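First the structure, in the form of structure tokens, and then the observations on it.
Here the structure is a predicted model, which is why all the values come from computation and not from measurement.
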Amino acid sequence: RGGGSANGTVALRQNYMNALRVVSAASLIPRNALRAVCRPTTARRVSRVFRTSKQISGPSARSFTLKLGSSQGRPLTTTPRATAEMAQSPTAASASEFIEQFNTDYARIHEAYENHFWSTKMNLQGNSTDALTKSFNELEQFLGNQTALATTRTLLADDSVTKPQKTILAQFEKTLLCYIVESADAKAVRESAVGKENAMNSSRNKLALTYTESDGAVTDATPTVLRTKIRSSPSESVRKSCWEATRQVGPFLLANGFPEIIAERNRFARTLGFVDFYDMKVTQAEGFSKKTCFEMLDGLETATKPLLDAALTKLEQEKGADSLKPWNLSYALSGELTKLTDPYFPFENAPEVWGRSFSAMGISYKGTTMRLDLCDRVGKYPNGFCHWPVAPHVSQDGTWNPSRANFTSLATPDEIGSGNTALTTLMHEGGHAAHFANIQMGSPLFSQERAPFSVSLAETQSMFLDSLCGDAAWLGRYARDRSNAPVPWELLQRSIVEKHPYSVFQLRGMLAVPYFEKALYEMDEQELTAENIQKVADEIEIKIQGGLGARPLLSVPHITSDESSCYYHGYVFAEMAVHQTREYFLHKYDGVIVDNEKIGPELLESYWKEGSGEPGFLKMVQNLTGKPLSHDAWVGSLGKGVEELLTDEKVEYDKAVEAKQNKNAIDLGMRALFVHGDVTIADSADEPNGYLGACATFKQWVNKEWPKTVKA
């Protein structure tokens, strides 16, 4: 180009096209896609690689990669070092080198993004939504590299590559295909949507919410406090005021770019050939289409609609029509009970309780460093989560690279009900952390939480472990007040009598989110107005939940974030798997799950080790339980009679209270750092008594910051 003889130019172009044909055949990438990463200026080098490969006999002839770059040293395209730094000779491009360098590059870029994610969600000093957006785009650019995919496919076709290496390479291919975008316009739409999302969520973090106390005082509150008061305040006016405050979130989002974000997400997904953004998300994460997803959900919705109707009728008959109002529903079911049971869930003891429970089940974190930010504050992201700046993996030389986890909950220690909620969140997010810490594969791509990781698989682990908080066998051991007295059976009995007939409300509340998002992404772009979206949200709540929800759909944090939107179906499928897994373990271990040291190792072997690799969520559940995934166990538990449930739970409660209390040392195999925003409260590595010492220091800090938690 720009010089040389005519014959030379013709020969150069011919070599370029020949190289494209060979690479296209080897990699299965369309030739026009390869033109985006190869240019005529590299044709001689590309052609030379292939001429050389024809002279090499044996498998090494196929073990090569292309080193792209101009003769002046200017890169022609952005490629992973794993590809760009391979030697020009194909004999030097081994699978081991490629895998190791790709893993190193991915880990570096992934960690940079996750550090910005944490700092913005926790509202740390110096956090930057611009830096978050930039690091997100860099991560997606890395995962969308076509040259890396071509190299991966070449190595997969090489008979000399070992089976374990091919397992890793297959995961590379599976992951890269979720992110490769050929169209520059599509990439621009994607980046625009992400930028708008980050700006909207940053504004949401600063949204001031208030409610009116019974004495007329207007009080600032976080979303977590509002939800807690809706469940527990004895004053209907306060509950209504809190509910109305949560209803302000939706209009705020709709006025700050949410409709435009929906439109751009859909445009992006359709350029990739998906029906819409929801179809893209579920296909990439779960491996089946939106159509299949909702066929499964429709079956559950149909099976539980009669239970919902019966529960609504029963509640109205027992507690009056006002009990069905969205700000009264939760309180009608548990308001007084929440207050009565609150002393048995002191928040400051929650980390120790979580540690003892998991340790007794044989769960270990395999060298993880875990950062725990457990208390609510203004500007903090309004939902618990666990993310991994460092995703664990085994290097090619066998070295174990442990995870680093960031873990948050939203406790307000002196609010009624907050301790129970925070402890359940600890069990839930701690379950996520245990799962990902124990993924023992050859690349962090098996243990990062984004596509192609199955949402359903990830949530099954956390929800299985937080389900223990509702078992009398667990409550008799671990629900204890500050004097160490166990929660009385009379309160558990009352809880079962008053709550069990209405358990279907929680199920239907979970179902409402995916049905709303399905409707949202199926709206025509011109219909995406604030008024229409609010109308659809209300219609879905009424259809699925039987009335406006206690937690408005537009206030659910998941729907605004790219990574967690079109995600909630995973909770529903996970709950199916939880009930099926519990049924299996209860049968296998004579009714014993709590403090059963065999549970952790069995979860490790059946659900955890392979991460997002084969055999996948549905097959894992079937392999463990011996049955395909279905809603039968879940619906069966909902239909169990109150008297039968009381009989079974009383037996388990008595055993738990009589059992020797778990006072063993806690060895979770991890370093724990308790933090509050930018402040480090305790570090188990610095404590003489390790994790228990860190728990004690954290407890002292809670007592100081919230004096009501101090033992009388």
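The distance from the CZ atom of Phe573 to the CE atom of Met510 is 10.5 Å, given to the nearest 0.5 Å. One finds the CH2 atom of Trp634 at 7.5 Å from the CG atom of Leu638 (value rounded to the nearest 0.5 Å). A distance of 11.5 Å separates CG of Leu155 from CD1 of Ile168, quoted to the nearest 0.5 Å. Taking OH of Tyr113 as the start and CD of Glu140 as the end, the distance is 8.5 Å to the nearest 0.5 Å. Distance check: Leu618 CG to Met296 CE gives 6.0 Å after rounding to the nearest 0.5 Å. The distance from the CD atom of Glu597 to the OG atom of Ser359 is 10.5 Å, given to the nearest 0.5 Å.
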- Please lay out, stage by stage, how Asp373 and Lys121 fare under the test salt bridge (Lys or Arg N to Asp or Glu O under 4.0 Å). CA-CA 11 Å; Asp373 190 325; Lys121 296 300 184 187; over 6 Å; no
- Task: Evaluate salt bridge (Lys or Arg N to Asp or Glu O under 4.0 Å) for Lys627 paired with Glu583, printing each intermediate quantity in order.
- Result: CA-CA 11 Å; Lys627 301 176 184 177; Glu583 183 179 68; 3.4 Å; yes
- Item | Phe453/His435 under ring-ring contact (aromatic ring centres under 6.0 Å, His included): CA gap, chis, key distance, verdict | CA-CA 12 Å; Phe453 209 106; His435 176 196; 5.6 Å; yes
- Kindly indicate, with the supporting measurements, whether the criterion salt bridge (Lys or Arg N to Asp or Glu O under 4.0 Å) is fulfilled by Glu173 and Arg153. CA-CA 7 Å; Glu173 180 182 43; Arg153 284 174 161 170; 2.7 Å; yes
- Message: For a ring-ring contact (aromatic ring centres under 6.0 Å, His included) check, start with the C-alpha distance between Phe277 and Phe268, then their side-chain angles and the critical distance, and finish with the verdict.
- Response: CA-CA 8 Å; Phe277 186 72; Phe268 172 72; 7.6 Å; no
- Message: Checking His387 against Phe407 for the side-chain contact (heavy atoms from CB on, under 4.5 Å) test, could you report, in this order, the C-alpha distance in whole Å, the side-chain angles of both residues, the deciding distance, and whether it holds?
- Response: CA-CA 7 Å; His387 273 223; Phe407 176 152; over 6 Å; no
- Before giving the answer on side-chain contact (heavy atoms from CB on, under 4.5 Å), spell out for Phe585 and Phe464 the whole-Å C-alpha distance, their side-chain angles and the decisive distance to 0.1 Å. CA-CA 11 Å; Phe585 280 145; Phe464 171 79; 3.6 Å; yes
- Please step through side-chain contact (heavy atoms from CB on, under 4.5 Å) for the pair Arg404 and Glu111, ending with a clear verdict. CA-CA 10 Å; Arg404 181 160 63 82; Glu111 183 176 4; 2.5 Å; yes
- Task: Determine, stepwise, if the pair Arg190 / Asp562 fulfils salt bridge (Lys or Arg N to Asp or Glu O under 4.0 Å).
- Result: CA-CA 10 Å; Arg190 175 72 162 165; Asp562 177 271; 2.7 Å; yes
- Message: Please determine whether side-chain contact (heavy atoms from CB on, under 4.5 Å) holds for the pair Lys305 and Lys543, giving the CA-CA distance in whole Å, both sets of side-chain angles, and the decisive distance to 0.1 Å.
- Response: CA-CA 10 Å; Lys305 181 64 164 63; Lys543 178 183 176 182; over 6 Å; no
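Aromatic ring centroids of Phe516 and Tyr568 lie 6.0 Å or more apart. Aromatic pair His558/Tyr571: centroids less than 6.0 angstrom apart. Between Phe274 and Tyr278, the distance separating the two ring centers is not shorter than 6.0 angstrom. For an aromatic pair to be called close, the ring centres must be under 6.0 Å apart, and Phe385 with Phe117 satisfies this.
Lys518 places a side-chain heavy atom less than 4.5 Å from the side chain of Phe294. Between Phe446 and Val394, every side-chain heavy-atom pair lies at or beyond the 4.5 Å cut-off.
In this structure, the side chain of Asn401 engages the main chain of His393 through a donor-acceptor pair within 3.5 Å. In this structure, Ser395 contributes its side chain and Gly398 its backbone to no donor-acceptor pair below 3.5 Å. A donor-acceptor pair under 3.5 Å links the side-chain atoms of Glu429 to the main chain of Cys386, judged by distance alone. Under a 3.5 Å cut-off, the side chain of Glu517 and the backbone N or O of Cys566 do form a donor-acceptor pair. The closest donor-acceptor contact from the side chain of Arg371 to the backbone of Leu673 lies at 3.5 Å or more, if one exists at all. Between the side chain of Thr368 and the backbone N or O of Tyr365, at least one donor-acceptor pair lies under 3.5 Å. No donor-acceptor distance shorter than 3.5 angstrom exists from the side chain of Glu541 to the backbone of Gly509, with no hydrogens or angles considered. At least one donor-acceptor pair closer than 3.5 Å links the side chain of Ser630 to the backbone N or O of Asp632.
Between Asp276 and Arg270 there is no salt bridge, since no side-chain nitrogen of the basic residue lies less than 4.0 Å from a carboxylate oxygen of the acidic one. Between Glu614 and Lys619 there is no salt bridge, since no side-chain N of the basic residue sits under 4.0 Å from a carboxylate O of the acidic one. A salt bridge links Glu522 with Lys290; the closest basic N to acidic carboxylate O contact falls under 4.0 Å. The pair Asp279-Lys291 does not meet the salt-bridge criterion, since no charged nitrogen lies less than 4.0 angstrom from a carboxylate oxygen.
Under the 3.5 Å distance criterion, with hydrogens and angles disregarded, no donor-acceptor pair is assigned to the side chains of Glu138 and Ser135. No hydrogens or angles considered: a donor-acceptor pair under 3.5 Å links the side chains of Asn201 and Thr560. No hydrogens or angles considered: a donor-acceptor pair under 3.5 Å links the side chains of Gln461 and Trp608. Between the side chains of Asp471 and Tyr478, no donor-acceptor pair is found at a separation under 3.5 Å. For Ser454 and Glu286, the side-chain atoms include at least one donor-acceptor pair closer than 3.5 Å. For Ser462 and His432, the side-chain atoms include at least one donor-acceptor pair closer than 3.5 Å. Donor-acceptor pairing under 3.5 Å is recorded for the side chains of Glu602 and Tyr584. The closest side-chain donor-acceptor pair between Gln165 and Ser96, if any, does not fall under 3.5 angstrom. Using modelled atom types and a 3.5 Å distance limit, the side chains of Glu575 and His631 yield no donor-acceptor pair. Counted by atom type alone, Arg265 and Tyr521 present one or more donor-acceptor pairs between their side chains at under 3.5 Å. Using modelled atom types and a 3.5 Å distance limit, the side chains of Trp388 and Ser447 yield no donor-acceptor pair. For the 3.5 Å distance criterion, the side chains of Thr283 and Ser289 fail to qualify, holding no donor opposite an acceptor. Using a 3.5 Å distance cut-off with no hydrogens or angles, the side chains of Gln141 and Asn145 do not pair a donor with an acceptor.
For Gln622, the CD atom sits in a packed shell: over 12 heavy atoms of surrounding residues, nucleotides or ligands are nearer than 6.0 Å.
The two residues Leu307 and Val635 make their nearest non-hydrogen contact at CD1-CG1, 4.4 Å. The two residues Ile666 and Glu352 come nearest to each other via the heavy atoms CD1-O, 3.9 Å.
Here the rule is side-chain hydrogen bond (donor to acceptor under 3.5 Å, both in side chains) with Tyr607, and of Asn623, Thr460, Thr581 only Thr581 fits it.
Classified by interplanar angle (parallel below 30°, tilted 30° to 60°, perpendicular above 60°), the ring pair Trp354/Tyr691 is perpendicular. A tilted orientation is assigned to the rings of Tyr106 and Phe142, their planes being inclined by 30° to 60°.
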